[in-house]
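Single-structure report; data block below.
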Amino acid sequence: SMSGLNVNNENIWSINNNISQLAKIKTPTLSISSFQPFLVKDFTTSSIVFGLPTQNGAFGINFSTNGNKHLQMHNIGLGYSHKLGENIQSGVKLNYFMINAGDYYNKKSIISADIGFSAKLSNDLKIGVCIKNPTFSKVSNFDDERLPTNIQLAAGYIFSNELTIHTGIEKSIFYPASFLAAIEYLSLIHI
């Protein structure tokens, strides 16, 4: 819905998108999600996240699972986001992946990390950057298979309480860079 521009989102789901933004949560928060694209059961992804704010940041934990009897992927992560100042945050998260791919891979366990940074440059402009798997964690020796490393850099400009324009660049080590843009409109309905 936001073209994948998620490094500037300031909510509990920051633990999955940009760990640095987690420092902005105010109260302990638990959230659950289940997503089933195209109404195909085998594509279902279920997630649970929990964030616990501290005086200078926040701790977060996530668990997600997806797949079917032939291929299952599970992820658990633990991260911390720290306020470096009034308008600057950074964070780091460790991830543990378990892949069960039946007869070919059997079960594989992989550890990776995410690092994030975010800043509010003015009342209207905010930026964020997240690097997922800068460690180039290896899945298999066969063909030197690795988890993807992704970098997303984005800026959001707040035009009003209802309208924010987001733009950014995302690069995966496996694919060319992509330019992303989105308009976020908040409709206030009074009943």
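Only this structure's heavy atoms are used, side chains among them; waters, hydrogens and symmetry mates stay out.
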For this session: Please answer whether the main-chain N or O of T27 pairs with a side-chain N or O of T29 as donor and acceptor at a distance below 3.5 Å.
Result: yes
Exercise. For L153, does the CG atom sit with more than 12 other heavy atoms under 6.0 Å from it, leaving out its own atoms?
Worked result: yes
Exercise. Between H82 and S90, does a side chain to side chain donor-acceptor pair (under 3.5 Å) hold up when you go through it step by step?
Worked result: CA-CA 5 Å; H82 186 73; S90 68; over 6 Å; no
Problem set entry | Side-chain donor/acceptor of N75 to backbone N/O of S64, under 3.5 Å | no
Problem set entry | Separation between CD1 of I158 and CG of D124, rounded to the nearest 0.5 Å | 6.5 Å
For this session: With rounding to the nearest 0.5 Å, note down the distance linking CZ in F97 to OG in S137.
Result: 8.0 Å
Exercise. Taking C-beta and beyond as the side chain, do I115 and I131 meet within less than 4.5 Å on heavy atoms?
Worked result: yes
For this session: Measure the CG-CG distance between L71 and N66 for me, rounded to the nearest 0.5 Å.
Result: 7.5 Å
For this session: Taking all heavy atoms of N8 and all of G128, pick out the closest pair and write down the distance.
Result: OD1-N, 3.1 Å
For this session: Please examine the side chains of N11 and K24, heavy atoms only from C-beta on, and report whether any two atoms are closer than 4.5 Å.
Result: no
Exercise. What about V129 and L84, same hydrophobic cluster or not, with Ile/Leu/Val/Met/Phe/Trp/Tyr joined at side-chain heavy-atom distances under 4.5 Å?
Worked result: yes
Exercise. Is a side-chain N or O of R146 found less than 3.5 angstrom from the main chain of F136, in a donor-acceptor match?
Worked result: yes
Problem set entry | Side-chain heavy-atom pair T54, F59 within 4.5 angstrom cut-off | yes
Exercise. A182 and L5: which non-hydrogen atoms are nearest, and at how many Å?
Worked result: N-CD1, 3.9 Å
For this session: Might you work through the side chain to side chain donor-acceptor pair (under 3.5 Å) test for T164 and Y157, ending with a clear yes or no?
Result: CA-CA 6 Å; T164 304; Y157 188 82; over 6 Å; no
Problem set entry | Reference residue N16; test side-chain hydrogen bond (donor to acceptor under 3.5 Å, both in side chains); the match among N62, N95, N6 | N62
For this session: Find out whether K132 and Q152 are in side-chain contact, i.e. whether some heavy atom of one side chain is under 4.5 Å from a heavy atom of the other.
Result: no
Exercise. Going by heavy atoms in the side chains, are M98 and M73 under 4.5 Å from each other?
Worked result: no
Exercise. Is there side-chain contact between I61 and V49, with heavy atoms separated by less than 4.5 Å?
Worked result: no
Problem set entry | Among F63, F35, W13, the one residue meeting side-chain contact (heavy atoms from CB on, under 4.5 Å) with S47 | W13
Problem set entry | Same apolar cluster: L30 and I76, side chain cutoff 4.5 Å | yes
Problem set entry | Atom of Y80, atom of A58 and distance for their closest heavy-atom approach | CD1-O, 3.2 Å
Exercise. Do K126 and E10 meet the salt-bridge criterion of a basic N to acidic O distance under 4.0 Å?
Worked result: yes
For this session: For atom CZ of F174, decide whether the heavy atoms of other residues, nucleotides or ligands shown that lie under 6.0 angstrom number more than 12.
Result: yes
Exercise. Do F43 and Q36 come within less than 4.5 Å of each other through their side chains, counting heavy atoms only?
Worked result: no
Exercise. Counting N and O atoms only, with roles assigned by atom type, does the side chain of S81 sit under 3.5 Å from a partner on the main chain of G91, one being a donor and the other an acceptor?
Worked result: no
For this session: Given side chain to side chain contact (heavy atoms under 4.5 Å, CB included), test Y185 with E162 step by step and report yes or no.
Result: CA-CA 5 Å; Y185 180 74; E162 296 83 24; 4.0 Å; yes
Exercise. If every non-hydrogen atom of G57 is compared with every non-hydrogen atom of A23, which pair is closest and at what distance?
Worked result: CA-CB, 4.0 Å
Exercise. What heavy-atom pair brings A177 and I169 nearest, and what distance separates the two atoms?
Worked result: CB-CG2, 4.2 Å
Exercise. Do the side chains of Y96 and L147 join up, straight or via other hydrophobic residues, at under 4.5 Å, putting them in one cluster?
Worked result: no
For this session: Could you walk me through whether K93 and I15 pass the side chain to side chain contact (heavy atoms under 4.5 Å, CB included) test, one step at a time?
Result: CA-CA 8 Å; K93 180 181 144 193; I15 189 158; 3.9 Å; yes
Problem set entry | Separation of I110 CD1 from T135 OG1 (nearest 0.5 Å) | 10.5 Å
Problem set entry | Over all atoms of both residues, closest heavy-atom pair of I19 and G116 | CG2-N, 4.0 Å
Exercise. If we only count heavy atoms from C-beta on, is the S34 to T44 side-chain gap below 4.5 Å?
Worked result: yes
Exercise. Are L121 and I165 joined in one hydrophobic group, where the rule is that I, L, V, M, F, W and Y side chains link up if heavy atoms are under 4.5 Å apart?
Worked result: yes
Problem set entry | Approximate separation, where rounding is to 0.5 Å, of S118 OG and Q21 CD | 3.5 Å
Seminar exercise, completed: CD1 of I88 to NZ of K83, rounded to nearest 0.5 Å, is 13.0 Å
For this session: Check the pair D114, S112 against side chain to side chain donor-acceptor pair (under 3.5 Å), reporting the backbone distance first and the verdict last.
Result: CA-CA 7 Å; D114 299 349; S112 74; 4.8 Å; no
For this session: Any chance you could lay out the side chain to side chain contact (heavy atoms under 4.5 Å, CB included) test for L94 and L78, step after step, and finish with the verdict?
Result: CA-CA 5 Å; L94 293 176; L78 177 65; 5.5 Å; no
